[in-house]
Amino acid sequence: MKEFTIDTRIRSYAWSELSEADQRLLEAAKRKTEDSYSPYSHFCVGAAALLADGTIVGGCNQENAAYPSGLCAERTALFAAGAQHPDQPVKALAIAAFTDGHFTEDPVSPCGACRQVMLETENRYKQPMRVLLFGANHVYEFDSAESLLPFSFISDDLKGGVRER
Ligand code: THU
């Protein structure tokens, strides 16, 4: 028997400790919550993807009366970036959520499906994508999408080979 542990490093920042660039990206994610179409959950999520050339692509959750047809903010932003700027690696993704008249005090964690798409984005461009999660009390930073989805299913698995972990 062999046992192993996968660690995740999370940095927690007070707003004033963040760089101006990260504050700008988080502000873009916060602004996108205003465009959220969420008449069912009233949970407004905004995301902002920072591309290598400095472009910021925003996204927000898009709900639907047929509930599963909707899409989260993270995937809306990443798919928009991939569709409009396919040659630009995504360097960072910021996420914020607004509900009951205020931004959440603690960061909101991306759902599993979004993590899977975040990971594929990172792998596609062969470079880490930093993830910033906004909370009014603190902001969490992850160095990569992989750190949010360890032991994941990736394109290499489709080839069926044995992967050394
Ligand atoms: N949602 C996101 O957009 N991102 C997340 O990380 C969590 C959940 C959306 C999906 C749905 O429109 C609403 O929030 C409630 O789940």
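Computation of the quantities below employed the complete heavy-atom set of this structure, encompassing side-chain atoms and omitting hydrogens, waters and symmetry-equivalent molecules. Both counts, for ligands and for their atoms, begin at 1 and track the order of listing. One is the number of the first residue; the rest follow in order along the sequence.
Under a 3.5 Å cut-off, the side chain of Ser147 and the backbone N or O of Thr8 do not form any donor-acceptor pair. A donor-acceptor pair under 3.5 Å is formed between the side chain of Glu122 and the backbone N or O of Ala145.
In this structure, the separation between SG on Cys72 and CD on Gln62 is 11.0 Å, given to the nearest 0.5 Å. In this structure, Glu34 CD and Cys60 SG are separated by 10.0 Å, a value rounded to the nearest 0.5 Å.
For atom 8 (C) of ligand 1, the closest non-hydrogen atom on the protein side is Cys72 SG, 4.1 Å. Closest protein heavy atom to atom 9 (C) of ligand 1: Asn61 ND2, 3.5 Å. Protein heavy atom nearest atom 3 (O) of ligand 1, with residue, atom name and distance: Ala73 N, 2.9 Å. For atom 11 (C) of ligand 1, the closest heavy atom belonging to the protein is Glu63 OE2, 3.2 Å.
Between Pro110 and ligand 1 there is a heavy-atom distance shorter than 4.0 Å. Not a single heavy atom of Gly70 sits under 4.0 Å from any atom of ligand 1. Ligand 1 has Ser109 within reach: a non-hydrogen atom of the residue lies less than 4.0 Å from it.
When distances from atom 16 (O) of ligand 1 to the protein are checked, no heavy atom turns up under 4.0 Å.
By the 6.0 Å contact criterion, CD on Glu63 is enclosed, its count of non-hydrogen atoms from other residues, nucleotides or ligands being greater than 12.
Within the structure, no pair that satisfies the salt bridge (charged side-chain N to carboxylate O under 4.0 Å, His left out) test touches residues 69-88, not counting sequence neighbours. Counting only residues at least two apart or on different chains, the side-chain hydrogen bond (donor to acceptor under 3.5 Å, both in side chains) pairs with a member in residues 103-112 are Asp106-His138, Ser109-Arg115.
Those atoms of ligand 1 with a heavy atom of Cys111 less than 4.0 angstrom away are 6 (O). Under a 4.0 Å criterion applied to the non-hydrogen atoms of Ser41, ligand 1 contributes the atoms 13 (C), 15 (C). The atoms of ligand 1 that sit less than 4.0 Å from any heavy atom of Phe43 are 14 (O).
Closest non-hydrogen pair, Phe134 versus Ala96, comes out as CB-CB, 3.9 Å.
Considering backbone and side-chain N/O of Glu74, one or more are found under 3.5 Å from N/O of ligand 1.
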